[in-house]
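A short worksheet on the structure shown next.
This one's a predicted model, so the numbers in the text were calculated from it and none came from an experiment. Below, read A as the first sequence line, B as the second, and so on, with proteins coming before strands; counting in each chain starts at 1.
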Amino acid sequence: MRKFGEIEGISRGQIFANRAELAKVGIHPPTQAGISGSSKEGADSIVLSGGYEDDRDYGDRILYTGAGGRDENTGRQIADQQLTRTNLALAKSKLDQLPVRVTRSHKHKSEFSPKEGYCYAGLYMVEDYWREKGISGHYIWHYSLVSCERLESKEQTGIRDNSPDYKETERKAVVVNRIIRDSTKAKRVKEWHRYQCQVCGLALETSAGLYAEAAHIQPLGMPHNGPDDESNILCLCPNHHILFDNGGFTINEDLSLNGIDGDLVTTKKHKINLNFVAYHQAHNQKID
DNA sequence: GGGCCCGCAGGG
DNA sequence: CCCTGCGGGCCC
């Protein structure tokens, strides 16, 4: 099973002698490839090693180049890159909003690189990706990655981001790990339904694969405190997710829909707890 | 520092 | 199974 998010016992700024050491602790399993990931699961980690001329490093924001299209010996771009394999994995990470571990090599020329070895730089999100003509004139895939630290400090409007103390870093790691843990349950429900909406059957096709959303029946937060469990999660398209969360329709005991024609689509594996359905209905009564 | 080539581990 | 890949060591 691919490990997303922070690796226990490894902190930001930690130096590793070589790629074998990085692989051993689980930060970046491949010993040579720059992107760790698969097209189905997404990418969990990247390494900036200085091999790609189109890379740009601004510290908390990184422009990373996809893999492929290079001459084995010279490293020059001699062909177009494709949105397949590990390049597709990074696209999937954007679609599913999965955090990517970033490590810089001493060979990567930037003020954020270590003098020697490999420096773990923490978690980043893939904000965007696109195809463009690189310096060589061949097409490359470019990924814009933003540090999770920066994303979180942006949310705290008006508060200056103080020098990161250990406790704060730990707290953030716990939060990110919870999001990942949640997303594995959400992913399981989506896969049971093959990403098809349980209301309308639609599965959105993107260049990075199918897209669906996980909707909690009894909401997670205060004051509802619904559980994060498969029996409390629905696989919905974005439109029906919004409608469900905002009283556009409810689900009856027999799984027929109230407010929309039809029935909720179910599968054998996915057991929905009717208590949560009743809770949702009680809190979303339509006034006719 | 650059070229060369032998590797392994992961992914399809 | 085959193929690929942001190593790494050694040579010059």
Side-chain angles (χ1 to χ4, degrees), chain A residues 1-5 7 10 14-59 61-96 98-124 126 129-136 138-145 147 187 191 207-210:
Chain A
M1 188 80 183
R2 189 168 300 286
K3 179 90 176 79
F4 286 90
I7 303 295
I10 309 296
Q14 208 164 322
I15 305 280
F16 299 86
N18 49 44
R19 288 287 300 265
E21 293 295 311
L22 266 184
K24 200 174 77 184
V25 299
I27 288 276
H28 193 87
T31 52
Q32 188 163 347
I35 304 164
S36 169
S38 71
S39 51
K40 277 204 166 173
E41 298 168 286
D44 55 301
S45 172
I46 60 166
V47 173
L48 289 114
S49 86
Y52 283 73
E53 61 196 6
D54 296 295
D55 285 358
R56 294 290 176 272
D57 192 353
Y58 308 100
R61 193 166 64 82
I62 292 166
L63 265 184
Y64 190 75
T65 312
R70 300 205 312 162
D71 182 274
E72 276 182 37
N73 296 320
T74 65
R76 295 178 74 90
Q77 294 296 137
I78 54 165
D80 294 341
Q81 291 183 344
Q82 307 297 323
L83 193 63
T84 56
R85 300 162 175 273
T86 52
N87 293 352
L88 191 52
L90 272 174
K92 178 74 173 167
S93 290
K94 184 212 166 189
L95 186 63
D96 287 354
L98 297 166
V100 180
R101 291 184 296 275
V102 171
T103 303
R104 291 184 178 87
S105 159
H106 65 283
K107 283 184 276 182
H108 166 68
K109 297 301 170 204
S110 99
E111 59 180 298
F112 309 100
S113 300
K115 289 191 189 81
E116 282 181 346
Y118 293 79
C119 180
Y120 175 59
L123 299 177
Y124 284 65
V126 183
Y129 69 92
W130 59 88
R131 194 183 79 143
E132 69 179 48
K133 261 189 185 169
I135 293 167
S136 68
H138 295 101
Y139 282 109
I140 57 150
W141 284 91
H142 243 171
Y143 301 86
S144 179
L145 295 138
S147 166
K187 208 166 203 168
E191 273 161 12
S207 59
L210 297 175

(message) Tell me the closest heavy-atom pair linking Leu210(A) and Leu95(A), and the distance in Å.
(response) O-CD2, 3.7 Å
(request) Please list residues of residues 36-55 of chain A whose heavy atoms come under 4.0 Å from any atom in DNA chain B, ordered by number; otherwise none. (result) Gly37(A), Ser38(A), Ser39(A)
(request) For the pair Leu145(A) and Arg61(A), evaluate side chain to side chain contact (heavy atoms under 4.5 Å, CB included) and give the outcome as yes or no after the intermediate values. (result) CA-CA 6 Å; Leu145(A) 295 138; Arg61(A) 193 166 64 82; over 6 Å; no
(request) Quickly work out the Glu72(A) CD to dC3(C) P distance and round it to whole Å. (result) 12 Å
(request) Find the distance Lys107(A):NZ to dG9(C):C1' and express it as a whole number of Å. (result) 11 Å
(message) Run Arg2(A) and Ser36(A) through side chain to side chain contact (heavy atoms under 4.5 Å, CB included) and show every step you take.
(response) CA-CA 9 Å; Arg2(A) 189 168 300 286; Ser36(A) 169; 3.3 Å; yes
(request) Report the distance from atom CD of Gln77(A) to atom C1' of dG5(C), rounded to the nearest whole Å. (result) 13 Å
(message) Determine whether a donor-acceptor pair (N or O, by modelled atom type, separation under 3.5 Å) exists between the side chain of Gln77(A) and the backbone of Ser136(A).
(response) no
(request) With heavy atoms under 4.0 Å as the rule, sort Gly75(A) into base, sugar-phosphate or nothing. (result) nothing
(message) In this structure, how many angstroms lie between the P atom of dT4(C) and the CG atom of Leu88(A), rounded?
(response) 18 Å
(message) With heavy-atom distances below 4.5 Å as the criterion, would you say the side chains of Tyr52(A) and Arg70(A) are in contact?
(response) yes
(request) Nearest-nucleotide wise, let me know which of Thr74(A) and Arg85(A) is further upstream toward the 5' end of DNA chain B. (result) Thr74(A)
(request) Identify the heavy atoms of Ile35(A) and Ala43(A) that sit nearest to each other, and give their distance. (result) CG2-CB, 4.0 Å
(request) Count the heavy atoms of every other residue, nucleotide or ligand shown that sit under 6.0 Å from CD of Glu72(A), and state whether that count exceeds 12. (result) no
(request) May I have the distance from His106(A) (atom NE2) to dG7(C) (atom C1'), rounded to whole angstrom? (result) 11 Å
(request) Please report the C-alpha distance between Gln14(A) and Ile27(A) in whole Å, then the side-chain angles of each, then the deciding distance to 0.1 Å, and finally whether the side chain to side chain contact (heavy atoms under 4.5 Å, CB included) criterion is met. (result) CA-CA 11 Å; Gln14(A) 208 164 322; Ile27(A) 288 276; over 6 Å; no
(request) Quickly work out the His28(A) NE2 to dG5(C) P distance and round it to whole Å. (result) 13 Å
(message) Reading 5' to 3' and counting Watson-Crick or G-U wobble pairs with both distances under 3.5 Å, write the dot-bracket notation for DNA chain C, | for bases paired outside the strand.
(response) |||||.||||||
(message) Assess, by modelled atom type and distance only, whether the side chains of Asp55(A) and His108(A) contain a donor and an acceptor separated by less than 3.5 Å.
(response) no
(request) Give the rounded distance in Å between these two atoms: OH of Tyr64(A) and P of dG5(C). (result) 12 Å
(message) Which nucleotide wins on minimum distance to the side chain of Thr31(A), given the candidates dC6(C), dG8(C), dC8(B)?
(response) dC8(B)
(request) Report yes if at least one side-chain N or O of Tyr118(A) is closer than 4.0 Å to OP1 or OP2 of dC6(C); otherwise report no. (result) no
(request) Send over the distance from Arg70(A) CZ to dG5(C) P, rounded to a whole Å. (result) 9 Å
